[in-house]
Amino acid sequence: MVSVSIIGAAGRMGRSLIQAAVDRDDMHVAAALEHDQSPFLGTDAGLLAGGQPLNVPIASDLAGVIAAADVAIDFTRPEPTMAMLDEAVKQGKAAVIGTTGLSDEQKARITDAARSVPVVFAANFSVGVTVSLRLLEMAAKTLGDAYDVEVIEAHHRHKVDAPSGTALKMGEVLADALGRDLKSCAVYGREGHTGERDAKTIGFETIRGGDIVGDHTVLFAGIGERIEITHKASSRMTFASGAVRAAAWVADKPAGLYDMTDVLGL
Ligand code: NAD
């Protein structure tokens with residue numbers, strides 16, 4: 001039995017993660033964290049997630065919550081994720097991180113932490129996106145520079161970072177496959193007199209609205225034909241199930257930085 005703590009338990013993903021962990025026979029939710037001003041402190045985590053009581057009150061004591069479980073699962077914001085990581089390292093606990101919008105410096109801190117504890121870090125925990133990344137790599141390698149590449153993503157109105165972590169991950173995979181550096185070839189949105197499209201760029205377009213859980217399309221536009229590889233998430237449970245699967249997988253792994261391809265054995 002693997003015990004998990006849910007960091008950001010009252011969030012959209014936090015509640016789905018509680019449900020997904022409860023649904024597994026090999027897992028139990030040992031603790032749940034929110035920030036110290038949260039109106040949900042003291043509320044039972046199971047009830048908050050719309051299920052049966054778990055006898056786990058939402059707490060704001062980071063050290064206590066990390067100590068209570070084998071693996072911490074964190075889908076919050078960059079700053080709380082860094083605080084969680086420091087505590088996990090201090091206590092020698094495994095972590096699953098789904099937070100997006102991290103800076104390069106924050107990503108480097110995850111790489112550092114993974115030298116002493118096992119960490120699964122993925123911009124997208126769905127099986128479908130993990131497979132899509134493989135398809136993109138194959139398509140980009142085959143099509144090469146003759147096809148213009150654009151990444152189009154859509155998310156709900158509450159999302160705070162753009163482009164999505166998944167879109168950026170797709171961009172990294174595409175840039176690697178095409179022998180380009182994403183930092184210098186990415187174009188984020190277009191406006192005004194942009195001039196003609198530079199063939200070596202990778203474009204990103206962001207749509208925000210309503211309750212869209214997460215749509216990503218990569219367009220390869222050639223002369224006379226277009227290929228579109230699309231993934232659409234219709235439920236947050238797809239990310240939550242992947243993340244709890246990652247938590248069950250990582251519990252007995254040595255220190256290291258892992259992603260969903262490791263968890264799925266791809
Ligand atoms: P949300 O705003 O609904 O939830 C975040 C929760 O974190 C909130 O309940 C907030 O109160 C809590 N929080 C903030 N500071 C905290 C602190 N110091 N300690 C404890 N809890 C704290 O957001 P969301 O839609 O659930 O998304 C959360 C993150 O997960 C975002 O970065 C999002 O992009 C990412 N995400 C990743 C995936 C993936 O598969 N990797 C999928 C969906 C969302």
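Positions are given from 1, in the same order as the sequence printed here. In listed order, ligands and their atoms are each counted from 1.
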(request) Start with the C-alpha gap between Phe125 and Phe239, add the side-chain angles, then the distance that decides, and say whether ring pair (Phe, Tyr, Trp, His ring centres under 6.0 Å) holds. (result) CA-CA 5 Å; Phe125 278 88; Phe239 309 127; 8.8 Å; no
(request) Given side-chain contact (heavy atoms from CB on, under 4.5 Å), test Met27 with Val244 step by step and report yes or no. (result) CA-CA 9 Å; Met27 187 167 280; Val244 296; 3.9 Å; yes
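With a 4.0 Å heavy-atom cut-off, ligand 1 is reached by no atom of Glu79. Residue-level proximity to ligand 1 for Ala123 is carried by the backbone, the only part with a heavy atom below 4.0 angstrom. Within the 4.0 Å heavy-atom criterion, both parts of Phe125, backbone and side chain, lie near ligand 1. Contacts between Arg236 and ligand 1 below 4.0 angstrom, taking non-hydrogen atoms only, are absent altogether.
For ligand 1, the atoms closer than 4.0 angstrom to any heavy atom of Thr99 are 32 (O). Close contacts of ligand 1 with Met13, meaning ligand atoms under 4.0 Å from a residue heavy atom, involve 26 (O), 43 (C), 44 (C). Each of the atoms 9 (O) of ligand 1 lies under 4.0 Å from some heavy atom of Ala10. Each of the atoms 3 (O), 4 (O), 6 (C), 8 (C), 9 (O) of ligand 1 lies under 4.0 Å from some heavy atom of Gly11.
Of all protein heavy atoms, the one lying nearest to atom 38 (C) of ligand 1 is Phe75 CE2, 3.4 Å. When only non-hydrogen protein atoms are considered, atom 14 (C) of ligand 1 lies nearest to His35 CD2, 4.0 Å. For atom 2 (O) of ligand 1, the nearest non-hydrogen atom of the protein is Arg77 NH2, 2.9 Å. Atom 15 (N) of ligand 1 has Pro80 CG, 3.4 Å as its closest protein atom, hydrogens excluded (heavy atom only).
Counting only heavy atoms from C-beta outward, the side chains of Leu136 and Phe220 approach each other to under 4.5 Å. Annotation: side chain of Asp145 is in contact with side chain of Arg180 (closest heavy-atom distance under 4.5 Å). Contact annotation: the side chain of Asp23 approaches that of Met237 to within less than 4.5 Å [non-hydrogen atoms, C-beta and beyond].
Nearest to atom 35 (C) of ligand 1 by heavy-atom distance, out of Gly165, Gly214, Gly98, is Gly98. Of the candidates Thr100, Leu17, Val129, Leu102, Thr100 brings a heavy atom nearest to atom 32 (O) of ligand 1. Residue nearest to atom 31 (C) of ligand 1, selected from Thr166, Val160, Thr76: Thr76 (by heavy-atom distance).
Below 3.5 Å of separation, one finds an N or O of Glu34 facing an N or O of ligand 1. Considering backbone and side-chain N/O atoms, Arg12 comes within less than 3.5 Å of an N/O atom of ligand 1. Close N/O approach between Phe239 and ligand 1 is not found [any backbone or side-chain N/O within under 3.5 Å].
With rounding to the nearest 0.5 angstrom, the CE atom of Met170 is 8.5 Å from the CD1 atom of Ile229.
Side-chain contact check for Asp74 and Thr99: at least one donor-acceptor pair (N or O, by modelled atom type) lies under 3.5 Å. Side chain to side chain, His216 and Ser164 meet the donor-acceptor criterion of an N or O pair below 3.5 Å. Side-chain contact, Glu225 with Tyr147: a donor N or O sits under 3.5 Å from an acceptor N or O.
In this structure, Ala122 counts as a contact residue of ligand 1, since one of its heavy atoms falls inside 4.0 Å of the ligand. Using a 4.0 angstrom heavy-atom cutoff, Lys159 counts as in contact with ligand 1.
Cation-pi geometry between Arg109 and Phe121 is not met at under 6.0 angstrom from the ring centre and within 45 degrees of the axis.
Within a 6.0 Å sphere centred on NZ of Lys93, other residues, nucleotides and ligands contribute more than 12 heavy atoms.
For the side chain to side chain donor-acceptor pair (under 3.5 Å) with His155, the lone residue among His158, Lys159, Glu153 that qualifies is Glu153.
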